[in-house]
Amino acid sequence: MAAKFSTGLDIHCSIPYTSDTKLPYGFSSRLAIKRLTILCNSTSKSPKPPPNVVDSPGKNPSLSEQLKPLSNTILDDPPNQARILSKPKSTWVNPTRPKPSVLSLQRQKRSSYSYNPQIRDLKKFARRLSDCHFSDDGFLAVLEDIPHPPTRVNALLVLNSLRPWQKTLLFFNWIKTQNLFPLETIFYNVAMKSLRFGRQFQKIEELAYDMIESGIDLDNITYSTIITCAKRCNLFDKAVEWFERMYKTGLMPDEVTYSAVLDVYAQLGKVEEVMSLYERGRASGWTPDPVAFAVLAKVFGAAGDYDGIRFVLQEMKSLEVQPNLVVYNTLLEAMGKAGKPGLARSLFEEMVESGLRPDAKTLTALIKIYGKARWARDALELWERMKSNGWPMDFILYNTLLSMCADLGLEEEAETLFDDMRRSEHCRLDSWSYTAMLNIYGSVGNAEKAMALFEEMSKVGVELNVMGCTCLVQCFGRAKRIDDLVKVFEASVERGVKPDDRLCGCLLSVVSYCKGNDADKVLTCLQQANPRLAAFVKLLEDESTSFDILKEEFRSILSNTSDDARRPFCNCLIDICRNKNRSERAHELLYLGTVYGLYPGLHTKTPEEWRLNVRALSVGAAHTAFEEWMGTLARIVQSQEPLPEVLSANTGAGTHKFSQGLANAFASHVEKLSAPFKQSEEKAGFFIATREDVVSWVQSKAAATA
DNA sequence: TTAGGGTTAG
């Protein structure tokens with residue numbers, strides 16, 4: 001399915017990227033080259049530099065101009081998938097052509113420090129300035145107390161130690177007005193760093209224009225500081241604008257600036273642009289360092305792109321770049337997002353064998369992966385190793401362990417850990433910890449403990465968030481403690497929890513299995529959280545509602561619902577219909593859900609086997625889908641059309657300890673219809689019938705009704 | 001933050 005990335009860069013058109021289409025990660029990507037050309041030809045819009053600024057853009061060729069010979073070469077070159085994972089040395093079709101360079105292979109040299117014996121006094125002075133709460137004038141007055149003359153070196157030292165950015169700027173302007181020595185690039189760079197810390201992009205840009213106006217050179221450090229500040233402020237178009245400006249003014253980025261820009265595209269999820277820049281860098285003779293590889297790993301991880309992750313690994317191997325801890329951590333995260341727990345596990349072992357010691361981020365990534373994959377044994381083994389090796393822990397790792405326990409249904413382990421955390425001096429129970437515990441109690445339906453925790457939270461002042469509220473609603477719904485449910489819901493809304501689609505879905509599911517007064521109470525909550533959804537439930541019950549009205553209203557509700565909540569909504573609504581004996585409405589909803597794409601892959605067919613996949617359906621929806629399928633099969637039998645040898649239904653085996661047991665409910669429904677589907681002994685969660693069974697079943701039913 | 005780039009939570 002084509003997914004559009006939001007661009008964030010108005011100089012770009014939206015770039016459709018298909019994760020299942022192999023994207024050419026290299027020079028074979030004609031599209032990427034074209035897009036980079038668009039990118040580099042674009043002109044920035046605002047704010048304009050002052051009119052008297054001589055920045056001489058155009059004097060030097062732009063990046064796209066410089067790259068023209070390159071793109072010509074490439075565009076003549078047919079796409080070649082095999083080259084993606086190979087060394088790019090084969091890229092150059094014509095080796096006599098000069099390689100256009102996109103980055104400088106020499107990193108900018110830093111000026112060396114010499115020891116300043118006045119460092120202690122000056123740092124102390126800077127601390128005093130930083131801590132004080134003077135007005136601007138007061139600040140300037142204190143400046144007169146500077147313990148040593150504000151020479152170039154002394155002023156730089158103080159400037160570098162000041163915070164927050166307001167004071168840095170005051171001091172910077174003060175040095176400027178003193179006119180004791182010329183302000184060189186480094187003064188601007190140091191000031192910019194402080195401004196970046198305060199995310200003051202506009203102020204940084206003003207300083208940059210000031211430099212241009214005063215004829216002070218911007219160097220790679222200036223540009224990378226500007227670019228990363230823009231990135232941190234989510235001003236990605238600004239980041240690109242300043243990157244382009246470098247080339248226009250004749251300054252070549254070094255690898256630090258270059259990978260800062262790679263990361264701009266990575267954060268936008270622009271895989272093609274990242275790869276295009278990467279390949280251009282490689283073609284310029286660049287051997288990327290671990291930081292650049294961490295950026296590549298991040299972009300592929302965000303896209304869940306396993307081929308891309310493999311590319312990063314192979315590329316590092318072939319260039320003999322040893323991954324560092326951050327690269328491993330990023331790759332592990334990426335493996336998790338790409339749904340490859342086994343490969344994450346072996347990568348982790350490789351990392352440990354290489355002598356690197358995992359940190360809390362490594363372990364957080366891995367524990368999360370094992371939890372989501374429901375790999376209980378691996379998760380618990382890793383937990384033991386963490387303890388016995390004394391590997392570093394932090395509060396996020398503790399909370400991730402709790403969430404993992406929730407994923408795996410490890411109630412006792414979670415309780416022990418929760419109590420350890422309660423007693424620990426190193427970490428505090430926060431809303432994540434409480435929510436993880438509420439998740440566990442919600443899943444096992446332990447209403448007593450959930451209530452105790454809810455009360456404890458308000459006592460110790462930990463705020464309940466929307467997820468905690470959802471867990472509690474689920475818990476009290478299952479325990480049929482509807483008054484408690486209403487109480488928690490109302491208290492949450494009062495405390496500022498904004499119900500989201502998940503919470504509404506949860507309320508809706510409680511409505512589906514409640515009766516009478518209880519259902520009305522929950523509907524009242526839903527009315528508050530999502531009035532249209534509540535009204536739709538009433539519409540379903542009203543016999544006079546036409547199919548067209550139903551269809552229109554349902555479409556409108558779905559379009560206002562987040563993607564991942566749409567199917568749960570439809571499932572619950574079908575359950576509500578079935579529980580109210582409105583079977584025909586349930587069939588209508590299943591039809592609409594299918595039309596609106598909520599049940600992709602519900603039916604799969606091979607010449608040998610037709611399969612109904614109901615794993616993602618609720619019990620009521622699965623029953624409805626099965627009835628629908630049986631009706632279709634009966635029509636096929638009666639009209640003597642061909643059927644495959646095997647017909648099967650897949651309910652899934654329910655690997656989650658808390659899962660409701662769709663298979664069991666399905667089995668009893670099949671029995672009720674006396675349909676010839678038998679639960680498979682070899683494949684858990686499969687129900688199988690032969691063609692002959694189905695044909696004779698349909699015929700005997702037809703004979704009975706005749 | 002000690003003049004510039006990359007990694008952790010429903």
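Order of the sequence lines sets the chain letters (A, B, ...), proteins ahead of strands, with each chain counted from 1.
Remark on DNA chain B: of its neighbouring residues A:R107 and A:P164, the 5'-side contact belongs to A:P164, judged by nearest-heavy-atom nucleotide.
At a cut-off of 3.5 angstrom, counting only N and O atoms as typed in the model, there is a donor on one side and an acceptor on the other between the side-chain of A:K123 and the base of B:dT2. In terms of polar N and O atoms assigned as donor or acceptor, the side chain of A:T435 comes within less than 3.5 Å of the base of B:dG10 in a complementary pairing. Scanning atom types as modelled, no donor and acceptor separated by under 3.5 angstrom connect the side chain of A:T225 and the base of B:dG4. Not a single donor-acceptor pair, N or O on each side, falls under 3.5 Å between the base of B:dG6 and the side chain of A:D289. Contact of A:T257 with B:dG4 (side chain to base): a donor-acceptor pair of N or O atoms is detected under 3.5 Å.
OP1 or OP2 of B:dT7 has at least one side-chain nitrogen or oxygen of A:K298 nearer than 4.0 Å. In this model, the phosphate group of B:dA3 is approached by a side-chain N or O of A:N160 to a distance below 4.0 Å at OP1 or OP2. Considering only side-chain N and O atoms, A:K368 lies under 4.0 angstrom from the phosphate OP1 or OP2 of B:dG10. For A:R232 and B:dG5, the shortest distance from a side-chain N or O to OP1 or OP2 is below 4.0 Å. One finds no side-chain N or O of A:R110 lying less than 4.0 angstrom from the OP1 or OP2 phosphate oxygen of B:dT2. Between A:K231 and B:dG6 there is a side-chain polar atom (N or O) within less than 4.0 angstrom of OP1 or OP2.
Ranking B:dG10, B:dT7, B:dA3 by closeness to the A:D219 side chain, first place goes to B:dA3. Set against B:dG4, B:dT7, B:dT8, the side chain of A:D394 has B:dT8 as its closest nucleotide. Taking only side-chain atoms of A:W432, from C-beta outward, the nucleotide of B:dG6, B:dA3, B:dA9 with the closest atom is B:dA9. The side chain of A:N324 lies closest to B:dG6, out of B:dA3, B:dG5, B:dG6. Candidate nucleotides B:dG5, B:dT1, B:dG6 were compared by shortest atom distance to the side chain of A:K193, and B:dT1 ranks first.
In this structure, A:D394 has no side chain to side chain donor-acceptor pair (under 3.5 Å) partners at least two apart in sequence or on a different chain. For A:F181, the ring-ring contact (aromatic ring centres under 6.0 Å, His included) partners at least two apart in sequence or on another chain are A:F187.
Using the six-membered ring where Trp is involved, A:Y370 and A:W375 have ring planes that are parallel, under 30° apart on the 30 and 60° scheme.
For A:Y434 and A:F418, the ring centers are positioned less than 6.0 Å apart.
Using a cut-off of 4.0 Å between Lys/Arg side-chain N and Asp/Glu carboxylate O, A:E333 and A:K337 are scored as salt-bridged. Between A:K387 and A:E384 there is a salt bridge, since a side-chain N of the basic residue sits under 4.0 Å from a carboxylate O of the acidic one.
Using a 4.0 Å heavy-atom criterion, one finds that A:R196 contacts the sugar-phosphate atoms exclusively. When heavy atoms are screened at a 4.0 angstrom cut-off, A:T330 is found touching the sugar-phosphate backbone but no base atom. Among the heavy atoms of the strands lying under 4.0 Å from A:F395 is at least one base atom, whether or not backbone atoms are also near. Residue A:V261 is classed as having no contact, given no heavy-atom separation below 4.0 Å to the nucleic acid. When heavy atoms are screened at a 4.0 angstrom cut-off, A:V190 is found touching the sugar-phosphate backbone but no base atom. Nucleic acid contact class of A:N220 (heavy atoms, under 4.0 Å, all strands): base. Residue contacts shown for A:R502 are limited to sugar-phosphate atoms, with no base heavy atom under 4.0 Å away.
In this structure, the CG atom of A:L325 is 11 Å from the C1' atom of B:dT8, given to the nearest Å. At whole-Å resolution of the value, CH2 in A:W165 and P in B:dT2 are 21 Å apart. Between A:L251 atom CG and B:dG4 atom P the separation is 17 Å, expressed in whole Å. Atom CG of A:D430 is separated from atom C1' of B:dG10 by 12 Å (rounded to the nearest Å). One atom, CD1 of A:I221, and another, C1' of B:dT1, lie 14 Å apart when rounded to the nearest Å. Rounded to whole Å, atom P of B:dG10 lies 19 Å from atom OH of A:Y398. Taking atom CE of A:M421 as the reference point, atom C1' of B:dA9 lies 11 Å away to the nearest angstrom. B:dA3 atom P lies 12 Å from atom CZ of A:R152, rounded to whole Å.
Screening A:K231, A:R232, A:K270 for a salt bridge (charged side-chain N to carboxylate O under 4.0 Å, His left out) with A:D263, the sole residue that qualifies is A:K231. Just one residue in the list A:T225, A:D219, A:N160, A:N220 forms a side chain to side chain donor-acceptor pair (under 3.5 Å) with A:N189, and that residue is A:D219.
Rounded to the nearest Å, the gap between the C1' atom of B:dG5 and that of B:dT1 is 14 Å. On the P atoms, B:dG6 is 13 Å away from B:dT2, given to the nearest whole Å.
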